[in-house]
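Atoms within a ligand are numbered from 1 in the order they appear, just like the ligands themselves. Side chains included, hydrogens not; waters and symmetry mates left out as well; all remaining heavy atoms used.
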Amino acid sequence: MSRPARALVDAGALRHNLEQARRRAPRARVMAVVKADAYGHGLVWTARILDRAVDAFGVSSMEEGLQLRAAGIAQPICLLEGFFSADELPLLAQHRLEPAIHHESQLKTLAQAAPALKLTVWLKIDTGMHRLGFAPAAVPDVLQQLRTSPAVANVRCMSHFARADVASNPETKSQIDIFLSQIQELGLESSLANSAGILAWPQSHLDWVRPGIMLYGASPLAGQTAAQLNLKPVMTLETALIAVHARRKGDAIGYGGDWRCPQDMPLGVAAIGYGDGYPRHAAPGTPVLVNGQRVPIVGRVSMDMITLDLRAQPKAGVGDPVVLWGLGLPIEEVARSAGTISYELLCHVTGRIPRVVIDNNSQDLQD
Ligand SMILES: *Cc1c(COP(=O)(O)O)cnc(C)c1O
């Protein structure tokens, strides 16, 4: 028997969520964002499930792009942070990786590059997030440099939202207006919408949409649950009870001993902790499911274990299933209770958690 902690990842849910993105943005092509190991779900199997059903992939680095190519993924791959040094350029050309161009330093590198690399690049415009990208006023000049660079064959435009998760935010409206006024003049293929843009800002759909979090079945919108958006959780993080104890009133539980039993009560120990990516800051009271029913965490999260108040589950025993998030327990709720966001929880699931792919259509997974 191995340790029971594992992440079930549901290929059917992933396909379903992609379908929702397509339905919301029917005229746009889809760049599936699979950076950070597909938000912790496992880069290669995720890309294999989505391959051919999407029009491109988005990643953060050449290394992630090369992993996809090594796995046989043939679709275009965009490097959302661009390239970092000149020595990457030949590999980008060889593997058809499409860098975002967001900074003067990259223009210099391109100008000095070997000719005839025939790169497709994504010119990143800063429409108000003020993280990456060229100011709108600089765009005509940058575009001119790209068009005259022998390394570049094809230019597209992109920008990124800062606050699209908040419905009817005026800054988002302003970002859309700035981007639209830019691209109307340029006549280039363009992309603005992340998941929140796809779901809440139809004017932002344009030629390409870039869904990330919604593909994994978590809600990108403040105040709307994944279920309300018809998204299904792809990852269910689960483990089992490995000990059950009858504790006495006043017993101090776990590191620091700051949580004490208010009465004689059963406590369970589940094999999952911050060493697996379960958040150490999950507050006492954060829900988990034991045998499908909610019980609260008590005491501090350890590296390998958590302790659970089993008063609502007095018959629970060793080996009983424990779900930390996923089916039956929305990850947003756990994130809120731990002072973070679902994105971070998903990305933080560590390498010692096996990802177990559930696929009823499993011929996709061979090879
Ligand atoms: C991560 C990322 C996305 C996807 O964002 P979600 O909120 O997960 O949909 C889209 N575009 C860029 C540039 C990104 O960095």
Self-check item: Nearest protein heavy atom with distance in Å, relative to atom 7 (O) of ligand 1
Solution: Tyr343 OH, 2.7 Å

Quiz prompt | Non-hydrogen side-chain atoms of Trp259 and Thr307 separated by less than 4.5 Å | solution = no

Quiz item: Does a side-chain heavy-atom distance below 4.5 Å link Tyr278 with Thr239?
Solution: no

Self-check item: Heavy atoms from other residues, nucleotides or ligands near CZ of Arg280 exceed 12 (cutoff 6.0 Å)
Solution: no

Practice problem: Could you tell me which atoms of ligand 1, counted from 1 in the order shown, lie closer than 4.0 angstrom to a heavy atom of Tyr39? | Solution: 1 (C), 4 (C), 5 (O), 6 (P), 8 (O)

Self-check item: ligand 1 to Gly212 polar contact by distance, N or O atoms, under 3.5 Å
Solution: yes

Self-check item: Nearest-contact summary for atom 14 (C) of ligand 1 - protein heavy atom, Å
Solution: Lys35 NZ, 3.0 Å

Quiz item: Can you tell which of Lys124, His102, Gln175, Arg210 makes a side-chain hydrogen bond (donor to acceptor under 3.5 Å, both in side chains) with His160?
Solution: Arg210

Exercise. Look at atom 11 (N) of ligand 1 and say which protein heavy atom is nearest, naming residue and atom and giving the distance to 0.1 Å.
Key: Arg210 NE, 2.9 Å

Quiz item: Who's the nearest protein heavy-atom neighbour of atom 12 (C) of ligand 1, and how far?
Solution: His160 CE1, 3.4 Å

Exercise. Look only at interatomic distance and state if Ser195 has a nitrogen or oxygen under 3.5 Å from any nitrogen or oxygen of ligand 1.
Key: yes

Quiz prompt | Atom indices of ligand 1, in the order listed, that fall short of 4.0 Å to a heavy atom of Ile213 | solution = 6 (P), 8 (O), 9 (O)

Practice problem: Look at the aromatic rings of Trp122 and Trp208 and report parallel, tilted or perpendicular, splitting at 30° and 60°. | Solution: perpendicular

Exercise. State whether the number of non-hydrogen atoms from other residues, nucleotides or ligands found under 6.0 Å of Met303 atom CE is greater than 12.
Key: no

